[in-house]
Structures are given as structure tokens and as C-alpha cells.
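First comes the structure, then the notes that go with it.
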2 protein chains.
Amino acid sequence: MRLNHVNELRLDTRDALRDAAEELYAEKGIDGVTTRGLAERAGVNMAAVNYHFRNKDNLTLEVFRDVARRTVKRRLDSLARIEAEAATENRAPHLWDVVEAFVDAYVNDDTPRTGILLAHLVLQHRVRPTEWTRAIVAQELDDFALRYMAVLHRAVPHLNEREVHWRYHLMVGAVMMSLSDQRTDGRMKRLSDGLANPEDRSQFRQELISFLVASFGSPCGGDGP
Amino acid sequence: MRLNHVNELRLDTRDALRDAAEELYAEKGIDGVTTRGLAERAGVNMAAVNYHFRNKDNLTLEVFRDVARRTVKRRLDSLARIEAEAATENRAPHLWDVVEAFVDAYVNDDTPRTGILLAHLVLQHRVRPTEWTRAIVAQELDDFALRYMAVLHRAVPHLNEREVHWRYHLMVGAVMMSLSDQRTDGRMKRLSDGLANPEDRSQFRQELISFLVASFGSPCGGDGP
DNA sequence: GCATGTTTCAAACATGCGCTTGAATCATGT
DNA sequence: ACATGATTCAAGCGCATGTTTGAAACATGC
């Protein structure tokens, strides 16, 4: 049975491992976490990872799949709300709202770790795709991406389908990289002498959204040769 | 002396290793390359890596430092040309030209491997910063970034300094991620049923530039709440 | 043509990793 | 109280990787 003594502070060994994994992955990145470090942080024996999760990849998969699901759920809810509001007013969704729905899933005060974890997942998948990153991206994120692009397209009808695809992916790239800057490098803050500071969440949110809205904006900004 | 037989096709062992490293890093990503694989591709003994480069990190550093320098040089030349032209016409540089100078260093037909190598370097630095990634970013790329932002700011005087910093970094993120999509994942092509295809270099170049120009564009695209 | 410094090579070494093992401990039903 | 199954634990196995080694092969100066 899965119960320690009554009033035991720590949860299950299994849950302790999952929590420790989420913490460590957020702190050290995916490659930086070892079975030994995981067990130590969770305060359990190393073999517990294999006992409860079969292997380390499986634990990692569970952790990141949940992060992906939480994020997707949050954004789908936002999209539904945006579409409902647009429907009652009999108009297309506002670009600003659609972009905000995307960004808010990463940059919000409720779930401060989610953004950086997702960024780790996506960057890891780009740097070194594995079975489990592929599984999460394909099973949890692809459907959402298509759904999101459908709504997005209605907000930016002046773009054709190809452009919507391109700009969606470029948007994802910009957001992921800015999230990772915040944690690993601090390059933006360093180069700007602290003027541009991703640690300031409201600044982060505002700069990100205004950049993205502009990038999707109506074709009045470009002055080609 | 560093010479094999006369008319020997292969270069130095040292150069053979460097070439093999550049090839393999572009193909397999940074983590996917081992000393053994490197030696095999170069057709030399494994110990040659340590004999000629002291250790593997040092070889990697040399390879990527040169890639960084080539890229930066190309862009500095472009910037100089843009500024000269702007000066003769007594005007600020055109945003379109400045963005093009950035993108062209990655997406061009002269050096097809450079873009993906740089993307690998930057993403690696974000996913798992090490001594040698830090060294290259700080020593080879930071100065350029500041120089580039100075020119950029003159092309988009309607943005303040903070916004320029933010958008420059977001631009870098978007470009890096789209480069890596092209190689590792193919997600964009998959999700769009082939409509958006980064392998098509001219499409790549065009979509990237129009996205970026729009994102810096004058503040007419955003419709905040 | 031999002596000397340089380069190559097969083999082994050291380390860190994920994972397994078999015994010990714990929780529970009867 | 005992039996049974679930869980924990210290120890170590197997493997891949970067690195070292000491001898052999090579090139060069005198």
C-alpha cells in the first residue's frame, strides 16, 4: 500500500520523485539531471526511480507531458473564451487577445515554473530529439498548434495560410528563446545594462506581446527594396 | 613537419579533424558527436584529438569560434555597406536592409552550413551553457550584438532603447529556432502539409525577413485592449 | 645513415551514467 | 502472530565516453 505513517509530511515516494524532477529540470535543464541527483533531492533511494517509473525517460516523459497538458489546457480555455466573446459581438477574434492567450500560458504569476519547463522541453527537442520529446510534441502540442493557428488566421485574415504557419513557428521560437534567456544566460539584461530585464514579468509580458502583435500586424510596416 | 606524401588528397590530420568536426556537428548536433565518431569520420586515430587539440572541448571551441567569426564578419561588412549607402544619401539606414544583413549571414547559398552551426551553438548555450559556449558568446557575439543594435536603432527611431534590446533578442530567438526546425524536426513542414517549407531557401529568407521587418515596424499594427 | 624530435597507433584507463540485484524492512489480511 | 506482497536500500554491474600511455612509424638535420 502507498501510505507512510499518518501525518507524514512527505507524499508518496512516487510523488516526491515527480516533484523533485520538476524542480531539478527547471533549475538545471534536462541534461543536467541525473538519477542520483533526482533521488537525493527527493530524499529517496536511487533505485526508486526504476521501481516506480521503470526508467528515467519514463519519469521525464510523465513530468513534461503534464506540463505540456497544463499549458495546452490553459490556452485552449483562453481561445474558447476569445471565440465566445467574438461570436457574441459577431466579429473575428482580436489579434491582441489571441497573442495574449499564447503568451499568458508561459508568463503568468499562477504557474511560474511552467514557462521555463516548456522552453526546456522544446529546446531539448530541437537540440537532441529523443523518443520521449517526439512523443510529447506530437501527441500533446501538434493538435493545439493547428487549433491555435486556425483561430489566429481568423484574427489576421490579411495573411495567407503559409504566412500564418511561418509566423506561428517564428513566434514560438521567439518566446522559447526569451524564456530560456531569462534562466540560463541573462544575456539580454547584461547587454542592455539592466534596461531590458526578462525577470520583470510585466515587462516581459508587455514587450513580448507588442513584438508579436506587430509581427502579425497588417502589411503596413514593411518597406521592401 | 606537417606534410604527408606529395599530392596527398587529405590535409593535415589537424585540419581533417576540424573539417570532420564541422561536418558532424552540423549533421548530428553538438551532443551527438563523440571522440570516436570524430576520429572515424576524419580517418585518423582517436588519440589525435587530444594530441592536436589537448581535449575535445578545445576542438569544439575552435570550430565554433571560427563559425561565429565568419558570421560576424559577414554581417559587419553588410552593416558597413548599409551605413555607407545611407550616409551618401544623408538618411538613416533602411530597416529592411538591416534585417536582411542579419538574416543573410544564416540563409545564403555561399555558406549553407553556417546557419545551422550557429543555431546549434546558440541553442546549446541555452540548453546547457558550458565554459566554451560562454567564451564564444561573450567574446565573439556580444560586441557584434551591440554594434548591430546601434545601427538597428537608427533604422527604427520610433522604438526606445529597451524595445530595441527586446526585439533584437526576440529576433535572434525566432531565427535560431526556425533554423533548427529545418534540420531536426521538420515540424513546420509537417504541420502545414508542406506548405511552409524551410528547406526552400528563398521562401525561408523571404518569410523570415517579412516577419522581422513587420515586428520592428512602425507602431501601426498593434490594437491593444 | 644515424640521431632526434614529431606524429600515429592499439590498447587500456578513469569516470559517470542508467539500471539491476538480492536481501532487509514495512504494511496488511487472516 | 504469522504469512504475504509491496517497498526500500546499499552495493555493484555494464556500458559509453574522454583521456592517457608507451611503443612504433615517420620526417628531418647533421
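What you see is a predicted model; the values in this text were computed from it and never measured. Below, chains carry the letters A, B, ... as their sequence lines are ordered, and counting in each starts from 1.
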Practice problem: May I ask you to evaluate whether A:H52 reaches the phosphate of D:dT8, defined as a side-chain N or O under 4.0 Å from OP1 or OP2? | Solution: yes

Quiz item: At what distance, to the nearest 0.5 angstrom, does OG of A:S78 lie from CD of A:E100?
Solution: 8.0 Å

Report, one pair per line, the protein and nucleotides 11-15 of chain C atoms (nitrogen or oxygen only) whose separation is under 3.5 Å.
none

Quiz prompt | Closest to side chain of A:K56, choosing from D:dA6, C:dG18, D:dT17 | solution = C:dG18

Quiz item: To the nearest Å, how far apart are B:N50 CG and C:dA10 P?
Solution: 16 Å

Quiz item: Rounded to whole angstroms, how far apart are CG on A:D57 and C1' on C:dC19?
Solution: 12 Å

Exercise. Report the distance from atom CZ of A:R54 to atom P of C:dC19, rounded to the nearest whole Å.
Key: 10 Å

Quiz item: Quick one: A:I30 CD1 to C:dC17 P, roughly how many Å, whole number?
Solution: 16 Å

Exercise. Identify whether any heavy atom of B:T35 sits under 4.0 Å from a base atom; if not, whether one sits that close to sugar-phosphate; answer base, sugar-phosphate or nothing.
Key: base

Quiz prompt | Spacing between B:E40 atom CD and D:dT17 atom C1', to the nearest angstrom | solution = 15 Å

Which donor-acceptor pairs under 3.5 Å do side chains of residues 117-127 of chain A form with protein atoms, sequence neighbours excluded?
| residue | atom | partner | partner atom | Å |
| --- | --- | --- | --- | --- |
| A:H120 | ND1 | A:Y25 | O | 3.3 |
| A:H120 | ND1 | A:I116 | O | 3.4 |
| A:H120 | NE2 | A:R183 | NE | 3.3 |
| A:Q124 | NE2 | A:D31 | OD1 | 3.4 |
| A:H125 | ND1 | A:T133 | OG1 | 2.9 |
| A:H125 | NE2 | B:D185 | OD1 | 3.2 |
| A:H125 | NE2 | B:D185 | OD2 | 3.3 |
| A:R126 | NH1 | B:M177 | O | 2.7 |
| A:R126 | NH1 | B:S180 | OG | 2.9 |

Quiz item: Quick one: CG on B:N55 to CG on B:N50, what's the gap to the nearest 0.5 Å?
Solution: 7.0 Å

Practice problem: Would you please say whether a donor-acceptor pair under 3.5 Å links the side chains of B:R74 and B:T114? | Solution: no

Quiz item: Separation of A:L17 atom CG from C:dC19 atom C1', in whole Å?
Solution: 15 Å

Quiz item: Rounded to whole angstrom units, what separation is found between the OH atom of B:Y51 and the P atom of D:dA24?
Solution: 18 Å

Quiz item: What salt bridge (Lys or Arg N to Asp or Glu O under 4.0 Å) pairs are there with at least one residue in residues 41-53 of chain B, not counting sequence neighbours?
Solution: B:E23-B:R41, B:E27-B:R41

Practice problem: Report yes if at least one side-chain N or O of A:T13 is closer than 4.0 Å to OP1 or OP2 of D:dT7; otherwise report no. | Solution: no

Quiz item: Between A:W132 (CH2) and C:dG18 (P), how many Å, whole number?
Solution: 13 Å

Practice problem: Not counting sequence neighbours, which residues clear salt bridge (charged side-chain N to carboxylate O under 4.0 Å, His left out) with B:E140? List them please. | Solution: B:R69

Quiz item: Distance check: side-chain N/O of B:T34 vs OP1/OP2 of D:dA16, anything under 4.0 Å?
Solution: no

Quiz item: Any side-chain N or O of A:N55 less than 4.0 Å from the OP1 or OP2 oxygen of C:dG18?
Solution: no

Quiz item: What residues, two or more places apart in sequence or in another chain, satisfy ring pair (Phe, Tyr, Trp, His ring centres under 6.0 Å) together with A:Y148?
Solution: A:F102, A:F144, A:Y168

Quiz item: Any side-chain donor-acceptor pair under 3.5 Å between A:T111 and A:N108?
Solution: yes

Practice problem: Could you tell me whether B:D142 and A:R187 have a side-chain N and a carboxylate O separated by less than 4.0 Å? | Solution: yes

Quiz item: Can you tell me which stems DNA chain D forms when a stem means 3 or more consecutive Watson-Crick or G-U pairs under 3.5 Å?
Solution: C:1-30 with D:1-30

